[in-house]
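It should be emphasised that the depicted structure is a prediction, and the values quoted were computed from it without experimental measurement. For ligands, and for the atoms within them, numbers begin at 1 and follow the listed sequence.
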Amino acid sequence: MTRKRPLIIAIDGTSGVGKSTVARRLAQELEVPFLETGAMYRALGLKVAELALDPADQESVERLAAELDLELRHRADGGVDVLLDGMSLGERARRPRISEVTSAISTYPGVRRIMVQHQRSFAEELGAVVEGRDIGTKVFPDTPFKFFLQAPLETRVQRRLKQLEASGESDLSQEELAREVAERDHRDSTRAESPLTVNSSYRVVDTGSLSVEQVVQAILSEIDQLS
Ligand code: DC
């Protein structure tokens with residue numbers, strides 16, 4: 001008997017483009033888990049900061065990645081908790097300092113190899129909406145369902161600012177945050193290993209001018225047509 005392939009939806013794009021919100025809603029609609037891969041890299045970033053390791057020390061960071069106590073646990077609502085040392089990450093992993101460390105350490109091949117292994121073994125079991133930077137290019141290049149979300153920098157900065165204000169995790173000004181997001185975009189897109197790139201196998205969705213529901217409906221109808 002041939003086994004039905006699990007449904008894997010790749011959602012890639014820059015920071016603050018609305019990937020997580022859209023991916024969570026899509027996963028609810030499709031009744032598959034939602035995996036936020038940025039949270040996995042952030043878990044390592046958090047651990048690097050907690051241990052006061054130098055993010056530039058590639059060898060130590062890669063060794064730490066191999067030993068990291070990272071667990072992906074299904075929640076009853078379809079979400080997936082990323083647990084570090086048995087504890088949920090929560091908002092502490094979204095602090096600007098951790099974002100910076102995470103962007104640096106996610107450039108290392110030894111780090112990416114381990115995260116990709118976790119992501120594949122998780123999603124290949126039940127299927128998933130998987131959100132990140134390299135999901136359609138590296139992690140699941142064979143899935144036909146790839147979406148690249150984009151929006152102007154100003155829109156993304158405004159969204160991030162709202163998130164950070166709501167959680168009380170940052171007192172960065174809009175200008176500082178814009179600089180930080182632009183630097184991160186640049187690093188994520190120009191790194192040698194699995195950079196954020198879009199190619200013709202993706203459907204590009206502009207989230208700047210659409211509501212979350214409109215984006216979700218647009219993607220669902222594409223999935224329907226591609227199925
Ligand atoms: O999506 P996010 O902002 O939470 O991601 C945090 C960092 O992790 C970001 O700098 C890019 C990196 N990342 C990555 O390199 N590959 C992924 N699949 C997901 C995130």
Arg112, any N or O under 3.5 Å of ligand 1 N or O = yes
Quick one: look up the protein heavy atom nearest atom 11 (C) of ligand 1 and list residue, atom name and how far away it is.
-> Asp188 OD2, 3.5 Å
May I ask you to check if ligand 1 and Asp134 share an N or O to N or O distance below 3.5 Å?
-> yes
Do you know the tightest heavy-atom contact between Ala151 and Val17?
-> N-CG2, 3.4 Å
Grab the two heavy atoms, one from Phe140 and one from Glu124, that are nearest each other, plus how far apart they are.
-> CE2-OE2, 3.9 Å
Under a 4.5 Å cut-off applied to non-hydrogen side-chain atoms, are Phe147 and Val22 in contact?
-> no
Nearest to atom 19 (C) of ligand 1, what protein heavy atom do you find, and at what distance?
-> Thr37 OG1, 3.4 Å
Out of curiosity, is Lys138 lining ligand 1, as in a heavy atom under 4.0 Å away?
-> no
Hey, is ligand 1 close enough to Arg42 that some N/O pair sits below 3.5 Å?
-> yes
Hey, is ligand 1 close enough to Arg191 that some N/O pair sits below 3.5 Å?
-> yes
Nearest protein heavy atom to atom 12 (C) of ligand 1, by residue and atom, and its distance?
-> Ser106 OG, 3.6 Å
Closest by any non-hydrogen atom to atom 1 (O) of ligand 1: pick that one out of Met115, Arg133, Arg184.
-> Arg133
Pair Asp81-Arg73, salt bridge (charged side-chain N to carboxylate O under 4.0 Å, His left out): steps then yes or no | CA-CA 5 Å; Asp81 280 327; Arg73 191 183 292 164; over 6 Å; no
Below 4.5 Å, heavy atoms only, C-beta onward: do Arg133 and Lys19 meet side chain to side chain?
-> yes
State whether the shortest distance between N or O atoms of Gln119 and N or O atoms of ligand 1 falls below 3.5 angstrom.
-> no
Any idea which heavy atoms bring Ile223 and Phe145 closest together, and the distance?
-> O-CE2, 3.8 Å
Leu68 side chain near Leu84 side chain, heavy-atom distance below 4.5 Å | yes
min-distance protein heavy atom vs atom 20 (C) of ligand 1 -> Gly38 CA, 3.5 Å
Arg160: numbered ligand 1 atoms lying under 4.0 Å from its heavy atoms = 3 (O)
Which protein non-hydrogen atom lies closest to atom 7 (C) of ligand 1, naming both residue and atom, and how far is it?
-> Thr102 CG2, 3.6 Å
Contacts satisfying side-chain hydrogen bond (donor to acceptor under 3.5 Å, both in side chains) that involve residues 24-34 (not counting sequence neighbours) are Arg25-Gln28, Arg25-Glu29, Arg25-Glu213
Can you sort out which atoms of ligand 1 are near Ser103, meaning under 4.0 Å from one of its heavy atoms?
-> 10 (O)
Is the Tyr202 ring parallel, tilted or perpendicular to the Phe148 ring (thresholds 30°, 60°)?
-> perpendicular
